[in-house]
Amino acid sequence: MNQEVQTATIGKIHGENIEVLPQDLYIPPDALEIYLEAFEGPLDLLLYLIRKHNLDILDIPMADLTIQYMDYVEKMKEIKLELAADYLLMSAVLIEIKSRMLLPKKTAEVDTEQDPRAELVRRLMEYELIKIASEKLTQMPQVGVDLFVANAYFEKITEITYPDVSIDEIFAAWKNILNRAKHFEAHKVARNELSVREHMTMILRKLQEEEFVEFSSLFDVAEDRIQKLVVCFLAILELARERLIKITQQESFSPIYIKLQIN
Amino acid sequence: MTDLNNISKIKQILEVALLTSANPLSLDDLQKLFSEKIERSTLRMLLDELKTEWQDRTMELVLVASGYRFKAREEYASYLMRLSPEKVAKYSRAVMEVLAIVAYRQPVTRGEIEEIRGVALNPNAIRQLQERDWIDVIGQKDVPGRPSLYATTKHFLNDFNLRSLSELPDIESFLQNEIPLNV
Amino acid sequence: MTDLNNISKIKQILEVALLTSANPLSLDDLQKLFSEKIERSTLRMLLDELKTEWQDRTMELVLVASGYRFKAREEYASYLMRLSPEKVAKYSRAVMEVLAIVAYRQPVTRGEIEEIRGVALNPNAIRQLQERDWIDVIGQKDVPGRPSLYATTKHFLNDFNLRSLSELPDIESFLQNEIPLNV
């Protein structure tokens with residue numbers, strides 16, 4: 001088949017007579033493997049052949065190209081290079097195009113729309129564009145390779161960022177505790193007016209500052225409302241009951257003093 | 001690379017290396033920048049000059065254990081932190097329960113908190129609340145071991161926008177019909 | 001923070017943020033630096049001034065897809081590359097071709113990539129580009145098998161110092177100049 005192809009079409013490229021295949025098509029065998037592995041696929045190989053021999057991509061001499069391509073594929077087989085199916089598929093495509101071009105044309109005029117090579121040309125051109133794009137991208141500076149960006153240091157402030165808490169969350173936690181307590185230790189959660197507890201804390205705080213606090217100084221009988229007086233009194237009793245404070249009086253009707261049980 | 005004879009070009013290369021490096025660069029590292037050998041003394045001198053050139057600017061050239069680096073002046077740190085705020089953690093359930101107990105049952109000892117919760121208390125829970133200045137020690141209880149008494153602070157009231165503890169949600173009324181109160 | 005009224009202080013904060021951030025900072029990011037609102041137009045103006053101030057210096061302020069950043073001027077790249085020669089390896093030609101196809105023909109399926117290249121695709125090529133965060137899946141094509149559609153990411157544009165895909169090198173004009181199209 002090679003013979004037939006050569007006699008049929010190798011004679012003319014763009015009207016010029018070509019008698020023999022150019023010798024430089026043939027790569028020394030030891031270099032061949034490296035060359036073949038360098039191709040990204042059949043389109044890459046075809047483009048290489050077209051560019052190397054200055055063939056017109058829009059008017060590809062199919063016979064030439066097919067011969068050259070098949071030659072490489074044969075060489076690949078010879079050196080047992082693992083041959084991708086894509087290369088064999090392309091062989092079939094080339095041969096098919098070549099055969100269709102050998103068929104007599106209905107009209108003298110070449111209808112490029114129906115040129116059997118059109119699809120191959122489109123694919124070759126598209127692939128060539130991508131090759132160019134790929135080379136351009138490779139040449140562009142890239143961060144991490146040859147493009148360097150500012151990355152100076154700053155000392156992080158170990159500022160303590162506290163979680164947000166809402167009063168509802170405290171309430172929910174408290175409800176949870178009480179619900180648990182209800183099941184086994186209800187009696188531990190004694191009922192006390194919150195304001196009594198608050199006054200207990202206030203009195204204890206006061207006793208942190210002064211050793212003795214006069215009982216009557218804890219409230220202003222004239223100013224405070226009766227509820228406040230009651231609450232304060234209850235707080236003092238509760239503190240005494242919990243043995244947190246001592247209540248002392250030197251003699252009857254002398255001032256009553258409160259001091260911490262311990263200090 | 002004859003332009004390297006130009007000492008200011010070397011200095012520029014040092015500057016750009018230090019500004020683009022995530023890690024401090026030692027004199028050995030900096031020597032690698034140049035194909036010809038630059039004396040360490042020369043590098044030190046140039047780094048000194050660089051430091052001076054930047055002394056009124058946003059960054060400062062500092063020497064740390066592993067080498068030189070540019071670091072943002074401290075005054076900018078608070079702004080920079082806004083770009084990547086640290087994740088705010090949540091308080092554990094234990095911490096929230098301790099807070100609730102101290103708020104509603106103050107003054108309380110650690111032992112009482114444990115008794116109410118029915119489990120031993122991780123000391124961390126109290127420490128976290130003290131750090132936050134929500135609770136503090138207001139005395140010791142006159143029982144063996146003289147345990148500290150905890151109560152909520154003014155700061156706690158402020159943070160929760162309360163005038164007094166009595167403004168806390170009213171749990172007693174909430175539970176009134178549920179718990180047999182035997183005090 | 002009344003000193004923020006001082007416009008030069010704002011500019012300094014922008015500078016220091018951009019010099020210490022490894023990633024580009026958008027106007028939204030930069031606004032976060034300040035507790036009070038700085039208009040985007042003000043930021044743009046100050047960034048412009050900053051760019052001018054640095055124009056004869058070692059770094060340049062550039063705008064890429066995700067925002068602003070300082071990058072070393074190209075003339076320093078050869079020196080900086082000596083610092084860490086074991087940097088990210090350049091990708092193989094196959095990987096770069098896949099990247100080019102995704103960049104110029106996006107969104108594309110794996111099958112379309114294989115058709116353009118005329119060869120079966122090593123799944124590694126796509127994986128490598130995804131790991132680098134240069135391409136990702138942006139959907140499925142509504143054809144049998146519902147193949148994934150790949151597109152480039154913002155990160156790809158940032159890494160190639162591009163603001164948008166339209167800044168990619170123009171390959172179509174290359175083709176038109178080279179080849180008389182009479183198909």
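Order of the sequence lines sets the chain letters (A, B, ...), proteins ahead of strands, with each chain counted from 1.
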For this session: Please flag which part of Leu168(C) lies under 4.5 Å from any non-hydrogen atom of chain A: side chain, backbone, both or neither.
Result: side chain
For this session: Can you tell which part of Asn23(C) gets under 4.5 Å to a heavy atom of chain A, answering side chain, backbone, both or neither?
Result: neither
For this session: Say whether, by atom type as modelled, one donor and one acceptor occur between the side chain of Thr138(A) and the main chain of Ser134(A) under 3.5 angstrom.
Result: yes
For this session: Examine whether an atom of Arg69(C) lies under 4.5 Å from a heavy atom of chain A, and if so say whether it belongs to the side chain, the backbone or both; otherwise answer neither.
Result: side chain
Problem set entry | Segment of Tyr127(A) engaging chain C (4.5 angstrom heavy-atom cut-off) | both
For this session: Would you mind telling me which of Met96(C), Arg73(C), Met59(C) has the largest number of heavy-atom pairs within less than 4.5 Å of chain A?
Result: Met96(C)
Problem set entry | Segment of Leu147(A) engaging chain C (4.5 angstrom heavy-atom cut-off) | side chain
Problem set entry | Proximity breakdown for Arg105(C) and chain A, heavy-atom pairs closer than 4.5 Å | side chain
Exercise. Would Glu60(C) and Lys71(C) pass as an ion pair if we require N to O under 4.0 Å?
Worked result: yes
Exercise. Between Met125(A) and Leu58(A), is a side-chain contact (heavy atoms from CB on, under 4.5 Å) present by the stated rule, with each step listed?
Worked result: CA-CA 9 Å; Met125(A) 284 170 61; Leu58(A) 296 179; 3.7 Å; yes
Problem set entry | Of all pairs that satisfy ring pair (Phe, Tyr, Trp, His ring centres under 6.0 Å), the ones with a partner from residues 43-68 of chain C, not counting sequence neighbours | Trp54(C)-Phe70(C)
For this session: Give a yes or no on this: more than 12 heavy atoms of other residues, nucleotides or ligands lie within 6.0 Å of atom CD of Glu74(C).
Result: no
Exercise. Under a 4.5 Å heavy-atom cut-off, does chain A meet the side chain of Phe160(C), its backbone, both or neither?
Worked result: both
Seminar exercise, completed: Turns out that what part of Ile113(C) lies under 4.5 Å from chain A's heavy atoms comes down to neither
For this session: In plain terms, say whether Glu53(C) and Lys11(C) are close enough for a salt bridge, that is, a side-chain N and a carboxylate O under 4.0 Å apart.
Result: yes
Exercise. Do the charged groups of Arg127(C) and Glu131(C) touch, with an N to O distance under 4.0 Å?
Worked result: yes
